[in-house]
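Below: the structure, in structure tokens.
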Amino acid sequence: MGVTIFSIMLVLLLLGFPMMIPLIVGAFVGFVTLFGGLGQLETMIQQMMAGIRPASLIAVPMFIFAADIMTRGQSAGRLIDMVMAFVGHLRGGLAISTAAACTMFGAVSGSTQATVVAIGGPLRPRMQKAGYGDSFILALIVNASDIAFLIPPSIGMIIYGVVSNTSIAELFIAGIGPGLLILVLFSIYAWIYAARTGVPTEDKADWGLRLRAVRAALWPLGFPAIIIGGIYGGIFSPTEAAAACVLYALIIEMVVFRELDVAGVYRTAKSTGLITAVVFILVAAGAAFSWVISFAQIPQAILSGVGIDEMGQIGVLFVISIAFFIGCMFVDPIVVILILVPIFAPVVSSVGLDPVLVGTLITLQVAIGSATPPFGCDIFTAIAVFKRPYWEVIRGTPPFIVILLGVSVLLIFFPQIALFLRDLAFAD
């Protein structure tokens, strides 16, 4: 049955159907096969509704809405100016500023696509003018934007937390260490690239300009304070923090910066509604599909064929990393999380792995796969945003992928990269 379901889904994908259709059809075929007809389809509907019932999922449209508001406002530009004031004069400073700005905006929005638009849009022309190659610029923007998957708030971590019943608050803080490590390594590579290609440095900003840039960015910097401080200070749950971010975004962009009016908020809300509808359809279809494959014991058959039962924790983490990395090269990250997390959940539990570590590693693999050819979704976001050909977008990605894969290996062998801050924040 498993071969039949996956074959049908593959054919539908190759025919160009959006991912929600293969998921729904796969779940439908599974229910019909398992129950010998159409008599139990109400069970499929129940499983779909159960998939979108968890209250934690309310945070997803909230963070998407907040990110859309900030993308249309001044928040991104002020964060860019602040970062440039401090590191723009270094060798490769503009590239380092781009990576840092992507990280900071990821800590504000939680959305890779929003980060590509908000940071890549204004900084790409500046980097071109400074002498950086366009393939390097595009690869840097795409891969640095994926740090938003790790730095809280992370929509990928919310979906993983709901599917695996893992604390979203713990996942959020566990992503900070790997995210900052990636930023440091990207900055080192940017310095090397600039030195090798002879990119000139920019003038050093004086402390007066730096202080003005910091003051201008204080309002956008309130977002991570709300999210991290609110959650770990016991003031908010992750869902409540998302709602607070929406209110905060509306206040600073409508009242403080006066960048958005009521009509602009309406257009933003409409855009968020369309994106949220797609996400929730995927989550509902993924929940039904996961129920089918679990009921049919397809995960057990697949994993026993791989021999994962005989592996230790390190081996299991490598298998999980490879599976998610390859999956996200071809399919939307949310779909991969919905399908693969239930498959690996029994093994993760049986070998005694920390689900927060597993979630952080999975989120990292999702980030890597999303920027990896042939079909990483962020590649096509960059193609649409910057109107550049496919080959030009992917040509500069290999060094960044190598760095990200290296961080994955470090995370497997040194889990405290992720767990140190989690243990510190949640120590009894």
Side-chain angles (χ1 to χ4, degrees), residues 55-83 100-123 145 147-158 168-169 172 175 179 213-233 235-280 381 385:
S56 300
L57 285 176
I58 298 174
V60 174
M62 294 287 188
F63 281 128
I64 293 174
F65 190 28
D68 280 351
I69 293 170
M70 290 180 288
T71 302
R72 297 169 187 261
Q74 296 185 21
S75 297
R78 291 173 179 244
L79 290 174
I80 291 170
D81 291 341
M82 185 189 73
V83 174
C102 287
T103 302
M104 295 184 69
F105 195 77
V108 168
S109 68
S111 168
T112 57
Q113 285 81 6
T115 305
V116 169
V117 175
I119 304 301
L123 279 181
S145 296
I147 301 176
F149 270 116
L150 289 163
I151 299 290
S154 165
I155 292 173
M157 284 183 170
I158 294 172
I168 295 173
F172 275 5
V214 171
R215 281 198 297 268
L218 283 177
W219 284 102
L221 288 174
F223 285 98
I226 290 173
I227 296 165
I228 299 175
I231 292 174
Y232 305 114
I235 303 172
F236 300 128
S237 69
T239 303
E240 291 165 344
C245 280
V246 171
L247 177 61
Y248 188 72
L250 289 171
I251 291 172
I252 67 171
E253 296 297 352
M254 293 185 71
V255 179
V256 179
F257 299 157
R258 299 183 181 179
E259 190 71 17
L260 281 181
D261 54 16
V262 174
V265 173
Y266 172 77
R267 289 191 297 270
T268 304
K270 185 177 179 180
S271 171
T272 299
L274 292 172
I275 296 171
T276 301
V278 173
V279 171
F280 273 60
T381 300
V385 170

Quiz item: Mind checking what makes side chain to side chain donor-acceptor pair (under 3.5 Å) contact with Thr268, not counting sequence neighbours?
Solution: Arg72

Quiz item: By side chain to side chain contact (heavy atoms under 4.5 Å, CB included), which residues pair with Ala244, not counting sequence neighbours?
Solution: Ile226, Phe236

Quiz item: Are Ile227 and Phe63 close enough that some pair of their side-chain heavy atoms sits under 4.5 Å apart?
Solution: yes

Self-check item: Separation between CE of Met157 and CZ of Phe172, rounded to the nearest 0.5 Å
Solution: 8.0 Å

Practice problem: With rounding to the nearest 0.5 Å, note down the distance linking CG in Leu79 to CD1 in Ile119. | Solution: 6.5 Å

Self-check item: By side chain to side chain donor-acceptor pair (under 3.5 Å) - contacts of Thr272 (at least two apart)
Solution: Asp68

Quiz item: Are Pro238 and Ile158 side-chain neighbours, meaning at least one heavy-atom pair lies under 4.5 Å?
Solution: no

Quiz prompt | Beyond-backbone contact of Val83 with Met104, side-chain heavy atoms, under 4.5 angstrom | solution = yes

Quiz prompt | Candidate pair Leu250 and Val265, rule side-chain contact (heavy atoms from CB on, under 4.5 Å), full reasoning | solution = CA-CA 8 Å; Leu250 289 171; Val265 173; 3.9 Å; yes

Quiz prompt | Partners meeting ring pair (Phe, Tyr, Trp, His ring centres under 6.0 Å) with Phe223 (sequence neighbours left out) | solution = Tyr248

Quiz item: Which atom names give the shortest non-hydrogen contact between Met82 and Ala217, and what distance separates them?
Solution: SD-CB, 3.7 Å

Pairs of donor and acceptor atoms involving the side chains of residues 251-260, under 3.5 Å and at least two apart or interchain, shall be tabulated with distances.
residue: Glu253; atom: OE1; partner: Gln74; partner atom: N; Å: 3.1
residue: Glu253; atom: OE2; partner: Gln74; partner atom: N; Å: 3.2
residue: Glu253; atom: OE2; partner: Ser75; partner atom: N; Å: 3.3
residue: Glu253; atom: OE2; partner: Ser75; partner atom: OG; Å: 2.7
residue: Glu259; atom: OE1; partner: Gln74; partner atom: NE2; Å: 2.9

Quiz prompt | Spacing of OG belonging to Ser154 relative to CD1 belonging to Ile147, to within rounding of 0.5 Å | solution = 12.5 Å

Self-check item: side chain to side chain donor-acceptor pair (under 3.5 Å) against Ser145, all qualifying residues, sequence neighbours excluded
Solution: none

Quiz item: So do Thr103 and Ile151 actually touch side chain to side chain, heavy atoms under 4.5 Å?
Solution: yes

Practice problem: Report the distance from atom SG of Cys245 to atom CE of Met70, rounding to the nearest 0.5 Å. | Solution: 7.0 Å

Quiz item: So, do Val60 and Thr276 sit near enough that their side-chain heavy atoms are less than 4.5 Å apart?
Solution: no

